[in-house]
Protein chains: 2
Amino acid sequence: MRQKITLKHIAKELDISISTVSKALKGNKEISEDTRLKVKAFAKLYNYKPNNIALSLKNRKTKTIAVIIPEILHHFFAKVIRGIERVANKNGYQVIICSSNNSFDREVINFEMLASGSADGFILSIAKETLQNQDYHHITETISQGMPVVLFDRVADGIFCDKIIVDDTRGAQDAVMHLLAQGSRRIVLLTTVDYINVGNLRTQGYLRALKAYDLEIDETLILKIEDVDNCEGEILSFLEEKEFDGIFAVNELFAVLATKAVRLQNKSIPDDVAIIGFSDGLLSKHASPTLTTVSQHGEQMGEKAAELLIHKLENQQQGLEEYRTIIIDTELIHRASTRE
Amino acid sequence: MRQKITLKHIAKELDISISTVSKALKGNKEISEDTRLKVKAFAKLYNYKPNNIALSLKNRKTKTIAVIIPEILHHFFAKVIRGIERVANKNGYQVIICSSNNSFDREVINFEMLASGSADGFILSIAKETLQNQDYHHITETISQGMPVVLFDRVADGIFCDKIIVDDTRGAQDAVMHLLAQGSRRIVLLTTVDYINVGNLRTQGYLRALKAYDLEIDETLILKIEDVDNCEGEILSFLEEKEFDGIFAVNELFAVLATKAVRLQNKSIPDDVAIIGFSDGLLSKHASPTLTTVSQHGEQMGEKAAELLIHKLENQQQGLEEYRTIIIDTELIHRASTRE
DNA sequence: TTGTATGCGTTATCAG
DNA sequence: CTGATAACGCATACAA
C-alpha cells in the first residue's frame, strides 16, 4: 500500500525543488526539456494526481457545484440532476449531490458543510420542513457572503437569488382546462396541504380553470393530503363517497392511487372518469391505463440552473446584484387516461 | 456582500494573534475567560465558520464518504443511498453522491476527482460500461493507495475490497421456484445481456430453479435485452409468438412491460400468466395488477456498506488487509401478479 | 534554468 | 495566558 504521492515526494526523489516539479508538470517552458520529461515520466510512473483539497485552498475555488434536493427517490429531481450534470461537466465542473430528506436540520447541515469551502455555488430545492419553518437564514447568509445560489422548483420569495421555476399554476390550469374541454364537469382535486408551495400553486391553477369555465368551486371535491407516504386509504375512501367525472392530482402518486380507486369502483377510464396527474415520471408512463400528465421538463430546468450558476461563478467580479427568475413551461403529455 | 470571515480577520479586528483566536474558539482553557468570550461573541456576530477545505488539508481527512452510482434515476440506488446516509450521518460523516450515468469515462473522472482529496472513502456500484470494459484501474489504484472502497450490487471479482451483494441467483431462483410451485411450467425469462453481472446471476437462478424441477431449458423462452431504455416493442413482439404461463423478469421495467403485453393478448394475470419481477420499487407496487417481486433490501445494503467503510476508515492503522463480502438476502414480496 | 519565499486557513507545538 | 512558527500540498512572484 504505497502512500499517495505529492510534489514533495517527487522533488525529493529527483533531488530538485518542489517548484521545479510543479512547473515541469504544468509544462512550463522555463524548465528544461530534460527535467520536464524526467519529472513527467516519474509522475506518471507513480500515478501522481494533484491534491484537489490543496488546489481548492490555494485557488479559493473548487470547481464543484453542490446540489441539494429534498429527496433522491424522486423522478423529477433525478431528471433535474441529469440536466445539471450535463451542463456542469461540459464546463469543467464537478457536481455533488446531497439530499435533505425534507428535513430542515439536514438541509442546514449539508448546506453549511458545503458552503464552508467544499463547493463554489449551490443549486437547491428547498426542503418541506424548511418551507414550513420559513427559516432561510442558512441560505440568505451564504448568499450574502458572496456564494451564488440558484433555487429551483421549491423556492421561497424571501430569498434573493436566481430561480428556476415551473409555471405550476399555468400547468395545472392547462390540465384542468383539458379535463373540462373533453367534457368533465365535476373534477376532484387531490392536492397537498397549503404550505407546500407547488401544491398550492397547482391548486390555484385548478381554481382558475374552473373559474374560466364559470363553474362554481365545490369544496367537497377537494382533498388536501398531509401524509404523502400513507394516503392510499384516504384517497380511496374520499373517492368512494363522491360524484365526479374527472380527477386532477398534483403529483403522480395521487394520480395512480386515484386510478386504482376508480377502477375498484368499476368506473371506466377515461369514459366515466378522466384523470390527469402532475409530473411525468415512470408511474404515469407505465400505469394502466397510462396517465395523461403535466410534464415539467426537469432536464431543461437542471440545465438552465447550471447555466445560471456557472455564469454567476465566472462573472463574479462585478458586484451588480441582479437576479433572474426563469419560468419553465410545462407540457401536457396526452395518454390514455383522458379522451381525445 | 461581506466576505467570508476567517480566523485572520477576527484576529486582526480584535488585535490578538490567530492562534489565540483558534484556541479561544475551541474553548481551550489556556485562554482567559475574558478573551474567550470576546472572541466567541465576535465570531458568532460575524457568523464565522471554519473552512472545511483548510481543515481537510490539515487533518488529511475530510469526513466525507463519496458514493458513486450508475444512475440516480433508480429506486434501488436511491434506497441504498438512504441507508448510507443514515449510518454516515450518525457517525458524523457527510455523504456526497455522484452518478456515472453508466459511463466509464464519467466514472473514472468522478472517481479520480473525489479520490484526490475530496473524500475519505468510496461506496461504489460499478457502471455498465466499466463492467463491459473490465477496466478497473481507477478503482484498484485508489485502493492500493490506501483509500478504502466498498463495492455494492454491481461488483467485480478482480477488485479486492469489501463488497455488499445481493444474492441475486438465490433471489431469482426463489422467485422462479414460486412460479413453478403455483403451477407455471413454461416460464419466460426477460433478462439483460450477459456482461451485466446482476442480470447474469439472476439468469443463473432461473436456470437452477428449472433444473430443480427437472424441466428442460427452452432457449426460445429467453430474451436477452440489450437496450433497456427502448425495449417495449421488443418485449411485445417476443411475447406475441410464444406459448407461456409464467414470466420472470430481472428488473421492474421488464416486468411491467411484460404485464402490459400480456394484457394486450387478453390473457389474465395471474391465472393465465403469472409474473414476478426483480427490485421492489414504485412500479411494482403501483402497477395493475400489483407485481409480485424480489425485494433487495436496499436500505439495509446501504447501511451495511457505510458501516463497513466507516469501520475501515477508523481502524486504518493496522495494515491487515482483510476483505469481507456480505450477502444480503432477498425477500419475495407477494402481490397480485401471482397466485396463492 | 532552477530554487526560495510566501500564502491559501487551520491547528499543534513550543516558546515567551 | 498569549503568540510565533511550522505544517498540510500546491502555485507563483521573485531571486539567483
Side-chain angles (χ1 to χ4, degrees), chain A residues 3-40 42-43 46-63 112-120 145-147, chain B residues 3-40 42-43 46-63 112-120 145-147:
Chain A
Q3 262 306 306
K4 247 195 166 341
I5 196 166
T6 68
L7 290 185
K8 201 201 265 189
H9 296 140
I10 303 184
K12 199 202 251 169
E13 208 67 28
L14 262 40
D15 202 34
I16 51 180
S17 81
I18 294 180
S19 61
T20 305
V21 177
S22 172
K23 286 174 190 164
L25 249 20
K26 300 191 84 72
N28 189 325
K29 293 179 216 139
E30 279 181 357
I31 306 299
S32 70
E33 175 95 16
D34 198 38
T35 324
R36 228 187 307 159
L37 291 179
K38 202 169 53 183
V39 171
K40 283 193 171 174
F42 192 90
Y46 284 90
N47 191 32
Y48 169 78
K49 294 268 160 46
N51 180 319
N52 282 318
I53 294 283
L55 281 179
S56 300
L57 186 60
K58 182 116 202 41
N59 303 331
R60 272 105 142 280
K61 65 171 101 168
T62 61
K63 278 282 187 177
E112 300 202 325
M113 146 72 77
L114 294 166
S116 44
S118 312
D120 295 341
Q145 287 180 348
M147 177 161 296
Chain B
Q3 262 307 307
K4 245 190 169 341
I5 197 166
T6 68
L7 291 183
K8 200 200 262 187
H9 295 139
I10 304 184
K12 197 198 238 167
E13 207 68 27
L14 261 41
D15 202 32
I16 51 180
S17 80
I18 295 180
S19 50
T20 304
V21 176
S22 172
K23 286 174 188 165
L25 249 21
K26 301 191 83 73
N28 189 323
K29 294 177 215 139
E30 279 182 355
I31 306 298
S32 71
E33 176 95 16
D34 198 39
T35 324
R36 228 187 308 158
L37 292 178
K38 201 169 55 180
V39 170
K40 283 193 172 175
F42 192 90
Y46 284 91
N47 190 34
Y48 169 78
K49 293 268 160 44
N51 181 320
N52 282 320
I53 293 283
L55 283 179
S56 299
L57 184 59
K58 183 121 203 32
N59 302 331
R60 274 109 139 275
K61 65 171 100 163
T62 61
K63 280 281 188 177
E112 302 203 323
M113 147 72 76
L114 293 165
S116 44
S118 311
D120 296 341
Q145 287 180 346
M147 176 160 297

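Values in this document were obtained by computation on a predicted structure and should not be read as measured data. Labels below follow one simple rule: chain letters A, B, ... track the order of the sequence lines, proteins then strands, and each chain is numbered from 1. Hydrogens, waters and symmetry mates are skipped; everything else that's a heavy atom, side chains included, is used.
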How do Ile5(A) and Glu30(A) order along DNA chain D: which one's closest nucleotide is nearer the 5' end?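 With Ile5(A) and Glu30(A) compared, the 5'-side residue is Ile5(A).
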5'-most by nearest nucleotide on DNA chain D - Ile16(B) or Lys58(B): Ile16(B)
Without decimals, in angstroms, what is the distance between [X] [atom1] and [N] [atom2]?
| X | N | atom1 | atom2 | answer |
| --- | --- | --- | --- | --- |
| Asn28(B) | dT2(D) | CG | P | 11 Å |
| Leu25(A) | dT12(D) | CG | P | 13 Å |
| Leu7(A) | dA7(D) | CG | C1' | 15 Å |
| Asn59(A) | dC10(D) | CG | C1' | 9 Å |
| Ile18(A) | dA7(D) | CD1 | C1' | 11 Å |
| Lys23(B) | dT2(D) | NZ | P | 10 Å |
| Lys38(A) | dT1(C) | NZ | P | 14 Å |
| Ile31(A) | dT4(C) | CD1 | P | 13 Å |

So does [X] get a side-chain nitrogen or oxygen closer than 4.0 Å to the phosphate oxygens (OP1/OP2) of [N]?
| X | N | result |
| --- | --- | --- |
| Thr20(B) | dG3(D) | yes |
| Ser22(A) | dT12(D) | no |
| Thr6(A) | dG9(D) | no |
| Lys26(B) | dT11(C) | yes |
| Arg60(A) | dG7(C) | no |
| Thr35(B) | dT2(D) | yes |
| Ser19(A) | dC10(D) | no |

Would you check, one step at a time, whether the test side-chain contact (heavy atoms from CB on, under 4.5 Å) holds for Asn47(A) with Ile5(A)? CA-CA 8 Å; Asn47(A) 191 32; Ile5(A) 196 166; over 6 Å; no
Could you check Thr35(B) against Ile16(B) for side-chain contact (heavy atoms from CB on, under 4.5 Å), going step by step and ending with a plain yes or no? CA-CA 9 Å; Thr35(B) 324; Ile16(B) 51 180; 4.1 Å; yes
Taking the side chain as every heavy atom from C-beta outward, state whether [X] and [Y] have any pair of such atoms under 4.5 Å apart.
| X | Y | value |
| --- | --- | --- |
| Lys12(B) | His9(B) | no |
| Val39(B) | Ile31(B) | no |
| Lys40(A) | Leu25(A) | yes |

Per [X] side chain, nearest of listed nucleotides [options]:
| X | options | answer |
| --- | --- | --- |
| Ala54(A) | dT2(D), dG9(D), dA13(D) | dG9(D) |
| Pro50(A) | dG9(C), dC8(C), dC10(D) | dC10(D) |
| Ser17(A) | dT4(C), dC1(D), dA11(D) | dT4(C) |

Classify the nucleic acid contact of Leu57(B) as base, sugar-phosphate or nothing, counting any heavy atom under 4.0 Å across all strands shown.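 Base contact.
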Can a donor-acceptor pair be found, under 3.5 Å and without considering hydrogens, that links the side chain of Ser22(A) to the backbone of Ile18(A)?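 No; judged by distance alone, with no hydrogens or angles, the pair does not exist.
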